[in-house]
There are 2 protein chains.
Amino acid sequence: MANKKKTTIKDIANVLGITPSAVSKALNDHPRISDKTKAAVLQIAKNLDYQPNHLASALRKGKSNLVGVIIPKANSHFFSSIIEKIEDVLNAKGYNVIIAQSNESYEKECKSIDALLYTQVDGIIASMANETVKLDYYEKIKSKGIPLILFDRGENDLNVDYVGIDDYLSSQMVIEHLVAQGCKRIAHIAGFSHTRIYKNRIRGYRDALEKFGLPIEDSLIVESNLRIEDGRKIMKQLLELKDRPDAVYAAGDYAALGALQIMQEHNIDVPNDIALVGFSNEPFTSLVTPSLSSVEQHSEQIGQIAAETLLKRIETNNKNVSLNKLILQPELIKRASSRKLQ
Amino acid sequence: MANKKKTTIKDIANVLGITPSAVSKALNDHPRISDKTKAAVLQIAKNLDYQPNHLASALRKGKSNLVGVIIPKANSHFFSSIIEKIEDVLNAKGYNVIIAQSNESYEKECKSIDALLYTQVDGIIASMANETVKLDYYEKIKSKGIPLILFDRGENDLNVDYVGIDDYLSSQMVIEHLVAQGCKRIAHIAGFSHTRIYKNRIRGYRDALEKFGLPIEDSLIVESNLRIEDGRKIMKQLLELKDRPDAVYAAGDYAALGALQIMQEHNIDVPNDIALVGFSNEPFTSLVTPSLSSVEQHSEQIGQIAAETLLKRIETNNKNVSLNKLILQPELIKRASSRKLQ
DNA sequence: TACATTTGTTTCAACGTTTGAACAAAAATA
DNA sequence: TATTTTTGTTCAAACGTTGAAACAAATGTA
């Protein structure tokens, strides 16, 4: 119960009658230390249940071996699987991961950044909150020379490494698929266009419609936070149009789910009356009825690449490596909600 | 780009012609430092963009102001909202939170514990992996004198603070409700009985059945990991029984969802042929059709209490406070999946 | 034998902050 | 005026680890 005093390098040194510095070197497998001493040190370390003091070594080395990850919300398969992968990669290299949730709030995001900087993380991997427009806090990270990698929700202006999917292409694929199903009036439940990824999805949607000679109407494009309630509200709006859409492409699965609910409440046949496609391929998409078509973003890959890119930055002291923008191919998962012609 | 040298307390001291120690005291609002000096220090600190070196102060003070949280998986509303609350409470007190996911794996859990100990966290809040049976690593935490709080998935034998709901009572409430709906053969898709909470849910289920004079049959109780696929597999089994149940109580929402899928695939009317109740009140429960009845666990409260209890432990140096086992009241949310008599 | 090299270890300062003790000056008390 | 108390600061050591430089001993080379 009582906090026993911890074993230090010095204790080991005393037992063996050598200096702490020799012990330190033995533990770090320094080439100039004899195998005999190394073995002895290891033995005593084990006997005394020695645990290195990370704080002391971090201070001395000027490196905390801590990495911060900022995400909007862990509560989605997309982000939680990215985190899992990031942890895998970084843990293997001796780094620990601190996760901070912004809850889509700019203020919380700033606080998290401050907290991470204060904790002296060696690097930060982040996906920006929906709310975030000002980039001052991210500039702060950069100005301190701390490696920063963005994923999914990034900003070009920041000029930092980025991993994400080709959002423009995603929209193209979705529209192409819906057109193939015979849809002619396709609405878009969009994310806020001030966020790059959502802007690109909107662009892709518009360009694809144009390519297929379909109408582009402002009433068919509604921006929101893409939560379930947003999907519900917007779908209601869409149903009130005198000229209803025959397909809905939502830039997020939760919004798509909300839309689906409303359609079911209105006894609309999905996909035959209105087809529906979501985004992110959250696990629930395959579970609802009808199952939801969605865009798979290969989250594990994103996590892996983000982590590896960060490691490279850290190892090269954030220099010499040219800017890395990695855009992965999305994959459209076609399910019942958009398959009219069986 | 280049890592500029960071401002230290010494730099401020030099500018003002006082000692680092005075600066330190000024920054910490020491009573013996004059207001004039404090103001001056604060001003210069701002000018030089001084950021305290957390590592140094942590080393000196023997306190990292880091708290570890171990959860099976962030990918559920239950855990992610608990984390959110824990962060709220701890951040407000100057602590940072390191989150580690065990992914329900004992091995990963052990690794996480080691990593947290290595990072010198001041305390750990944890919910155990399904797999975990041996408690050696948790004992390790205890033996180091680091405060440990368990929530949801805890173990009585560990003799540490605990926050969770009354699982036994939850089952009682569920069964009572199902009986009121006229159900007479109630199956239980259970969690593994080696985990305390699931054992208690099973006990509550059995005792309630007995209380109402209903049959307790081993074929109606199946233990699993409670994932969607487990729910599907078990539901299939249950449907193959020559005497099918008229209600299913699943100890987790995902398992319930899997069961629901299978029933829908078999054109079974839920709730009229078979009623269904889940556990955790995940957001999707209100979104599927029919909406899923479930047990609300008041996750925010759990998070809040866990964090506050940990703070108390840390502040009192893990002594003097008597053991704290807090059992919250569950709440049964009755939805369409179990409402036979409209 | 004389000298250079290698090997294994010690010495010492440093990382940036904190803290108790010491001290001088100022203010309060007698 | 002499003495105590208070106020504001400095001093010095410490937290545990690391790494460059110094050093001695052992080994190798000419």
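Throughout, protein chains are lettered first and strands after them, A, B, ... in sequence-line order, and every chain is numbered starting at 1. The shown structure was predicted, so the numbers you read here are calculated from the model rather than taken from an experiment. Keep in mind that the numbers below use all heavy atoms, side chains included, and drop hydrogens, waters and symmetry copies.
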**Asked** Side chains of A:H194 and A:E131: does their closest heavy-atom pair fall under 4.5 Å?
**Response** no
**Asked** So, A:D161 and A:R313, do they make that salt bridge, N to O below 4.0 Å?
**Response** yes
**Asked** Under 4.0 Å between a Lys/Arg side-chain N and an Asp/Glu carboxylate O for B:K134 and B:E139?
**Response** no
**Asked** Checking all strands, does B:I18 fall into the base, sugar-phosphate, or nothing category for heavy-atom contacts under 4.0 angstrom?
**Response** sugar-phosphate
**Item:** Spacing of A:K6 atom NZ relative to D:dG16 atom P, expressed in whole Å
**Value:** 9 Å
**Request:** Would you mind reading off the distance between B:N28 atom CG and C:dG16 atom P, rounded to a whole angstrom?
**Result:** 17 Å
**Item:** Residue that, paired with A:Y162, satisfies side chain to side chain donor-acceptor pair (under 3.5 Å) out of A:E155, A:R196, A:R153
**Value:** A:R196
**Request:** Starting at atom CG of B:N65, determine the distance to atom C1' of C:dT17, rounded to an integer number of angstrom.
**Result:** 14 Å
**Fill in**
Regarding the side chain of B:S21, the nearest nucleotide among D:dC11, C:dT17, C:dT11 is D:dC11
**Message:** In whole Å, I'd like the distance from the NZ atom of A:K10 to the C1' atom of D:dA14.
**Reply:** 9 Å
**Request:** Check every strand shown and say whether A:S57 touches a base, only sugar-phosphate, or nothing at a heavy-atom separation below 4.0 Å.
**Result:** sugar-phosphate
**Interatomic distance where NZ belongs to B:K63 and C1' belongs to D:dG16 [whole Å]** = 19 Å
**Message:** Quick check for you: among C:dG20, C:dT10, D:dG16, whose closest atom lies nearest to any side-chain atom of B:L59?
**Reply:** D:dG16
**Message:** Counting the atoms with a prime plus P, OP1 and OP2 as sugar-phosphate, which does B:T8 contact under 4.0 Å by heavy atoms, base, sugar-phosphate, or nothing?
**Reply:** sugar-phosphate
**Complete:** Here the distance between atom P of D:dG19 and atom CD1 of A:I9, to the nearest Å, is 11 Å
**Message:** Please report the distance, rounded to the nearest Å, between NZ in B:K61 and C1' in D:dG16.
**Reply:** 17 Å
**Message:** Would you say B:T19 places a side-chain N or O within less than 4.0 Å of OP1 or OP2 belonging to D:dT10?
**Reply:** yes
**Request:** Decide yes or no, distance alone: a donor-acceptor N/O pair under 3.5 angstrom between the base of C:dT17 and the side-chain of B:K25.
**Result:** no
**Message:** Could you check whether A:D49 pairs with B:K140 (Lys NZ or Arg NE/NH1/NH2 to Asp/Glu carboxylate O, under 4.0 Å)?
**Reply:** no
**Request:** Decide, yes or no, whether a salt bridge links A:K93 with A:E308 under the criterion of side-chain N to carboxylate O below 4.0 Å.
**Result:** no
**Fill in**
Note: contacts of residues 30-42 of chain B with DNA chain C (heavy atom, under 4.0 Å) are none
**Asked** Rounded to the Å, how far apart are A:Q51 CD and D:dT17 P?
**Response** 11 Å
**Asked** In terms of heavy-atom contacts, does NZ of B:K38 have more than 12 from other residues, nucleotides or ligands at under 6.0 Å?
**Response** yes
